[in-house]
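Just so you know, these numbers come straight off a predicted model, no measurement behind them.
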Amino acid sequence: MNPATPFLVLLVLGGLAVALGAILVRSSGADTGAGRRLAGAPGIALRDLVERAERDQLPRTPVRIEGRVRCGNPLTGENGDPLALVHRDVEVQDAGGRWRPVERLRDARVIDLWERSASVQLDLTQIAEPLIAIPRVWEGAPAEIGPSLQPAVARIAAEGGTPRAARSTTRQVMLVDHLIVLVDTARDAAGHLRLEPPPGGYLVSTVELDVAMRLLAGPNRSRMLAGFGVVAAGAILVLLAAIALGVTLATA
């Protein structure tokens, strides 16, 4: 047997393990890209960014900032609460078990993000989805959905049979919320700080960073962690097999 054959087999097995781990992570529902970008960006106080803009020393990469919400023309929520943003998705489950959308509401305002004496505008219409927040989830019968959405329910019933169930998922930013936001920074014509969306939009969280990471991990966090473990083990196996293969070929 060729002395290199066992190491080639290990290389293949390691590659398969990496692929399997990646599939596990993807199937877990985790938004690993958003989590990596949010947690990996440096956190800088808003006041410090304002001062850096005055000195033309703004960072060249996205940064994570925090602040309170101030909005002069808020939206009105279902319970009469003043809101700066509301994202609501209403779906029904057709006779075949598929969830079909009947409403996708997206409404947001431009706010002032403030921290102590510093304040800067933030356009919440340009955020990346989903908003990182603890969602409000309602589940019930399709007949319980509001009258304005019943024509959409009727169309789905005509296409795939009487819907089995309905659900609504709402994420929102309230005026009392404390936000964590991933932003790009720039200076306006007067040299003042301007917040710009990174590629894909602002990443916005209404919860603390550790809670945001758990939400981004998705509903199957254990599967995500197992997937990362399999990827790491496969990568180590590939590395060791490659080193051993190189030594074998060099001494052959």
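The shortest distance between side-chain heavy atoms of Val181 and Ser205 does not fall below 4.5 Å. Thr170 is not listed as a side-chain neighbour of Pro135, based on a closest heavy-atom distance of 4.5 Å or more. At a threshold of 4.5 Å between non-hydrogen side-chain atoms, the residues Leu124 and Val110 do not count as touching. In this structure, Asp184 and Thr61 have side chains that are not in contact, with every pair of non-hydrogen atoms separated by 4.5 Å or more. The side-chain heavy atoms of Arg100 and Glu159, taken from C-beta on, include a pair separated by under 4.5 Å. Residues His87 and Pro130 are not in side-chain contact: their nearest non-hydrogen atoms beyond the backbone lie 4.5 Å or more apart.
Between Pro163 and Ile156, the shortest heavy-atom contact is CG-CG2, 4.4 Å. Looking at every heavy atom in both residues, Leu215 comes nearest to Ile134 through CD1-N, 4.1 Å. Nearest heavy-atom pair across Leu203 and Ala128 is CD2-CB, 4.0 Å. Of all heavy-atom pairs spanning Ala118 and Leu46, the tightest one is O-CD2, 4.0 Å. Of all heavy-atom pairs between Val90 and Ser168, the closest is CG2-OG, 3.9 Å. The two residues Arg37 and Pro198 come nearest to each other via the heavy atoms NH2-CB, 3.5 Å.
Ile65 and Val50 end up in the same hydrophobic cluster when Ile, Leu, Val, Met, Phe, Trp and Tyr side chains are linked at under 4.5 Å. No path of Ile, Leu, Val, Met, Phe, Trp and Tyr side chains, each step under 4.5 Å between heavy atoms, connects Val207 with Val183, placing them in separate hydrophobic clusters. When hydrophobic clusters are built by joining Ile, Leu, Val, Met, Phe, Trp and Tyr residues whose side-chain heavy atoms come closer than 4.5 Å, directly or via intermediates, Leu175 is grouped together with Ile111. Cluster annotation: Val173 is not connected to Ile132 through the hydrophobic network of ILVMFWY side chains, with a link wherever side-chain heavy atoms come within less than 4.5 Å. By the rule that hydrophobic residues join a cluster once side-chain heavy atoms approach within less than 4.5 Å of another member, Tyr202 and Leu83 end up as members of separate clusters.
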message = Is there a side chain to side chain contact (heavy atoms under 4.5 Å, CB included) between Asp112 and Leu122? Walk through the geometry before answering.
response = CA-CA 6 Å; Asp112 287 325; Leu122 178 69; over 6 Å; no

request  = Go through the steps for Glu208 and Arg214 under the test salt bridge (Lys or Arg N to Asp or Glu O under 4.0 Å), then give the verdict.
outcome  = CA-CA 10 Å; Glu208 295 295 330; Arg214 289 199 292 270; over 6 Å; no

message = side chain to side chain contact (heavy atoms under 4.5 Å, CB included) for Thr206 and His178? Distances and angles first, verdict last.
response = CA-CA 6 Å; Thr206 65; His178 179 274; over 6 Å; no

key: Working for side chain to side chain contact (heavy atoms under 4.5 Å, CB included), residues Leu131 and Leu85   = CA-CA 9 Å; Leu131 168 71; Leu85 175 147; 3.7 Å; yes

request  = Would you please test Arg187 and Asp56 for salt bridge (Lys or Arg N to Asp or Glu O under 4.0 Å) and show each step?
outcome  = CA-CA 8 Å; Arg187 302 170 79 223; Asp56 194 15; 3.7 Å; yes

query = Should Glu196 and Arg194 be marked as a salt bridge (Lys or Arg N to Asp or Glu O under 4.0 Å) after you check the CA-CA gap, both sets of side-chain angles, and the distance that decides it?
reply = CA-CA 6 Å; Glu196 295 187 342; Arg194 184 175 74 245; 2.5 Å; yes

key: Evaluation steps, side chain to side chain contact (heavy atoms under 4.5 Å, CB included), between Glu91 and Val102   = CA-CA 5 Å; Glu91 303 168 291; Val102 295; 5.9 Å; no

request  = For the pair Glu78 and Arg88, evaluate salt bridge (Lys or Arg N to Asp or Glu O under 4.0 Å) and give the outcome as yes or no after the intermediate values.
outcome  = CA-CA 11 Å; Glu78 295 177 347; Arg88 183 170 64 248; 3.3 Å; yes

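Around the CD atom of Gln121, the shell of radius 6.0 Å holds no more than 12 heavy atoms that belong to other residues, nucleotides or ligands. The environment of Arg116 atom CZ is sparse: at most 12 non-hydrogen atoms of other residues, nucleotides or ligands sit within 6.0 angstrom.
Rounded to the nearest 0.5 Å, atoms CD1 (Ile127) and CG (Leu179) are 9.5 Å apart. Within the model, atoms CZ of Arg36 and CE of Met213 stand 11.0 Å from one another, a figure rounded to the nearest 0.5 Å. Atom CD of Gln126 sits about 11.0 Å away from atom CG of Leu195, to the nearest 0.5 Å. In this structure, the separation between CD1 on Ile180 and CD on Glu66 is 4.5 Å, given to the nearest 0.5 Å. Here CD of Glu51 is found 12.0 Å from CD1 of Ile44. Values are rounded to the nearest 0.5 Å. Distance check: Leu113 CG to Cys71 SG gives 12.0 Å after rounding to the nearest 0.5 Å.
Ion pairing of Glu129 with Arg106 is present here, as a side-chain N (NZ or NE/NH1/NH2) and a carboxylate O approach within less than 4.0 Å.
Judged purely by atom type and a 3.5 angstrom limit, Gln150 uses its side chain to pair as donor or acceptor with the backbone of Pro142. Judged by distance alone, the side chain of Arg64 and the main-chain N or O of Leu182 form no donor-acceptor pair under 3.5 Å. A side-chain donor-acceptor contact under 3.5 Å links Arg68 to the backbone of Val176. Glu103 contributes no side-chain N or O that, together with a main-chain N or O of Asp89, makes up a donor-acceptor pair within less than 3.5 Å. Side chain of Asp123 to main chain of Thr125: a donor-acceptor pair is present (N/O by atom type, distance under 3.5 Å, no hydrogens or angles).
Figure legend: Arg70 and Trp114 shown as a cation-pi pair, the cationic atom lying under 6.0 angstrom from the six-membered ring centre and within 45 degrees of its axis. In this structure, Arg167 forms no cation-pi arrangement with Trp138, as its terminal cationic atom is not both closer than 6.0 Å to the ring centre and no more than 45° off the ring axis.
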